[in-house]
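Please read the structure below before turning to the comments.
Ligands are counted one by one from 1 in listed order, and the atoms in each one are counted from 1 as well.
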Amino acid sequence: MNFEFAPMEGVTGYIYRRTHARFFPGVPRYYAPFIAPDGQGRFKLGSLRDVLPENNEGLSLVPQILCSSAAAFLSVAQELAALGYDEVNLNAGCPSATVVPKHKGAGMLSDPDELDAFLREVFSRAPVKISVKTRLGLESGEEFPRLMEVYRRYPLSRLIIHARPRSGFYKSEPELATFAGAFEEGAPFPISYNGDIFCPADLHRVSEAAPGLEEIMLGRGAAANPALFRVLTGGAALEKEELREFHAALVSGMKDAGISEHHILSRMKELWFYMLHMFPGSVREAKALNKARAMPDYLSAVSALFSSGYFDPNAVFIPPK
Ligand SMILES: Cc1cc2nc3c(=O)[nH]c(=O)nc-3n(C[C@H](O)[C@H](O)[C@H](O)COP(=O)(O)O)c2cc1C
């Protein structure tokens, strides 16, 4: 089984990825959170910084682009190629109400003919390999066979399938039968499964539904338990000390990068939304951590969590319903 780390905007930026690769080595591929260019292909400096090769040393990274204009996509792909990337990923899954009506992200799935035209243009001039991260459809998984028909026409380097329609956001039950149907039918490119793999039993369920599946992408489960890749390949459970050191390295990595304390706190709290699952029942400690407004308070709340909170190395992320 090959695992990849999903892109998570606001969570898996370059400092996170670099630190993760140092403490939990062996993940073959990381995806950068999306770059969202305007119609002219211009995008934010922060997105560029996130994919600069010098900020991603020692890990294999695939940058991702979110846009509905083939010209803008190609312009960003060209810039990424100039940075040395040989593959970019198309985001056809973002469910946000601010992107879908613009036919971006999962909005690309609303009209298979439009998606086909986009891919035709992009593949006719692509300077790099292109993979796609898709959902099963906009409203329902019943849309997926028609979308697969479109994808199969192109030499994608990989199709990552988040096994929910956009309407399910991050909450509906993944549609394993729909995924398995598409996987069984086959495609001229590797297919990767994504959605709700939080523990070995989840992986087992997906592997049983789709025999022969070899590629898995992990998102929230790995944000909660950064050792999940190791655990799913039969390795040791996460240790509290490891998590403590990982956390300290993240904070010092952000300080070294010149990020303000205010921003470090807000980014770390976003990450703790996931990692606090490793401390089940530690309500008081979690509350103090989320309440901290200044770095000293935050660090003492983290220290209290590690010393008096209950750490369960086998705890499993529970998605909010
Ligand atoms: C906070 C957050 C940010 C995300 N950002 C991105 C993104 O930038 N690009 C993308 O393709 N998917 C993004 N996703 C979706 C994840 O990559 C993944 O598809 C989804 O969480 C389902 O996988 P999981 O159940 O393993 O988490 C994001 C998800 C979350 C929760």
Inset, instruction - Tell me yes or no: between the side chains of R18 and N56, is some donor less than 3.5 Å from an acceptor? - result: no

Inset, instruction - Could you name each residue pair satisfying side chain to side chain donor-acceptor pair (under 3.5 Å) that touches residues 306-321, not counting sequence neighbours? - result: E285-S308

Legend entry - For the student: nearest non-hydrogen atoms of L109 and Y151, plus distance: CD2-OH, 3.5 Å

Legend entry - Parallel, tilted or perpendicular, as decided by the 30° and 60° cut-offs, for the rings of Y154 and F123: parallel

Inset, instruction - Please determine, by modelled atom types, if Y193 and H162 share a side-chain donor-acceptor pair under 3.5 angstrom. - result: no

Legend entry - Residue contacts for ligand 1, heavy atom to ligand atom, distance under 4.0 Å: A6, P7, M8, E9, P33, F34, Q64, N91, K133, H162, Y170, N194, G195, D196, F198, L218, G219, R220, Y274

Legend entry - Residue from F23, F246, Y274 passing ring-ring contact (aromatic ring centres under 6.0 Å, His included) with Y16: F246

